[in-house]
Student: 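The structure follows.
Counting starts at 1 for both ligands and their atoms, in listed order.
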Amino acid sequence: MASLLLLSLLLMIAVPCHSATCSSQKFTSHKSFDLCNDLPTLSSYLHWTYDPSISSLDFAFIAQPAQSNGWIAWAINPTGTGMVGSQSLIGFQQSSGSMIVKSFNISRYGPIKPSPIMFEVSDMNGEYLDGMMRIFGTMVLPKNMSIVNHVWQVGASVTDGIPDRHQFGSENLNSKGRLDLLKGQSTTRGTTDSRQQLRNIHGLLNALSWGTLTPMGVMLARYSRTFKRTGPAWFYLHVFCQCSAYAIGAAGWVIGLILGHQSNGVQYSFHRNLGITLFCLGTLQVFALYLRPNKDHNYRIYWNIYHHSVGYTVIVLSITNVFKGLDILNPKDQWRIAYVVVIIILGAIALALEFVTWILVLWRKSHDSTGV
Ligand SMILES: *[C@@H]1O[C@H](CO)[C@@H](O)[C@H](O)[C@H]1NC(C)=O
Ligand SMILES: *[C@@H]1O[C@H](CO)[C@@H](O)[C@H](O)[C@H]1NC(C)=O
């Protein structure tokens, strides 16, 4: 059942939806291009005419900047597939309001500055129309370089003529692909990127285990005792729930460590440290099970205090870290909404049960004292 749910969720992530918009996009300055492509991420479009005899590429790149005073960028990467090595053209608005396009030879992560690039570029210019920025240019590519790795990006701000760092959501990290300039096809490693899938799986496993099962297990323990008829069953349910959460969570945690290890250039220290702390606390809780003193033992009260405080800490940290993770993964809004709804439902159930528990406790007390 859980695996079925997981599978359908994975399918939802993996299947992108398409609509060919670029063919309806018009250009003002009697420009036209032979081919166009709806790029799979960041609502971006590429139009171009490639003349193989002189290997010249006339192009227009259209995208919506992350903010109106942000920037858009398109690049060919002759040496790799990502940002490092990309020969980029970045367009943004100047303080006068007009668009400017500059070239950037990006050799590393971190601050960038305008510089010549490997290709001869002419006629660089840009325009800002209906919330979309457009950058134009003509590049002379090396002979026979008709299949290229290209990268595109959008950002939210520009400081002193230098584009600021972009976001690191899944769309931003998957805005790259291979482009056949002659056939017009863009094949993307984008949404089917195995690393991206690993990121999604990491998110799902951890939201399910740490973020959902753990609080459910605690609620089981806290409230099933309110209803005395359940007997010792609650204990086994609690242990089962938390052990499943721990097993699934451990898998998610290991994937997280792998992702962190592979991530070059970007570090999410807070998310990572919180994840490691959580895993240690979770492991402690599982071991606590074996060290549990007998019910009548003198130390049992201390064990209870310890077990409960660590348990509640784990819940708070888990939910915090799921939201941290959502910020990093930046999936479609539905995912965040879905998780918020789950938390609200769990919270509402807990509140209702807390209320019932107190009523029952008070009722039992008054009955005991009147001797009934
Ligand atoms: C781009 O930067 C790299 C690394 O610093 C350098 O080797 C290369 O020559 C530069 N390319 C151009 C066209 O300046
Ligand atoms: C480009 O490719 C064509 C056909 O494959 C070949 O005849 C030509 O020599 C190549 N030119 C260069 C500069 O590599």
Student: Among S103, S107, P116, which one puts a heavy atom closest to atom 4 (C) of ligand 1?
Tutor: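 Checking each option, the heavy atom nearest atom 4 (C) of ligand 1 is found in S107.
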Student: Mind telling me whether F33 and F136 have parallel, tilted or perpendicular rings, with 30° and 60° as the class edges?
Tutor: parallel
Student: For atom 6 (C) of ligand 1, which of the options T79, I117, N105 provides the nearest non-hydrogen atom?
Tutor: N105
Student: Apart from Y339 itself, which Ile, Leu, Val, Met, Phe, Trp or Tyr residues share its cluster (side-chain heavy atoms under 4.5 Å, direct or through members)?
Tutor: V218, Y312, I315, I319, V322, F323, L326, V340, I343, I344
Student: Is a side-chain N or O of T49 found less than 3.5 angstrom from the main chain of D34, in a donor-acceptor match?
Tutor: yes
Student: Taking ring-ring contact (aromatic ring centres under 6.0 Å, His included) as the test, write out the residues that go with Y299, two or more places apart.
Tutor: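 Expected list: H297.
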Student: Any protein heavy-atom neighbour for atom 11 (N) of ligand 1 (distance below 4.0 angstrom)?
Tutor: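 Protein heavy atom within 4.0 Å of atom 11 (N) of ligand 1: present.
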Student: Numbering the atoms of ligand 1 from 1, which are under 4.0 Å from a heavy atom of M118?
Tutor: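 So the atoms of ligand 1 that pass are 13 (C).
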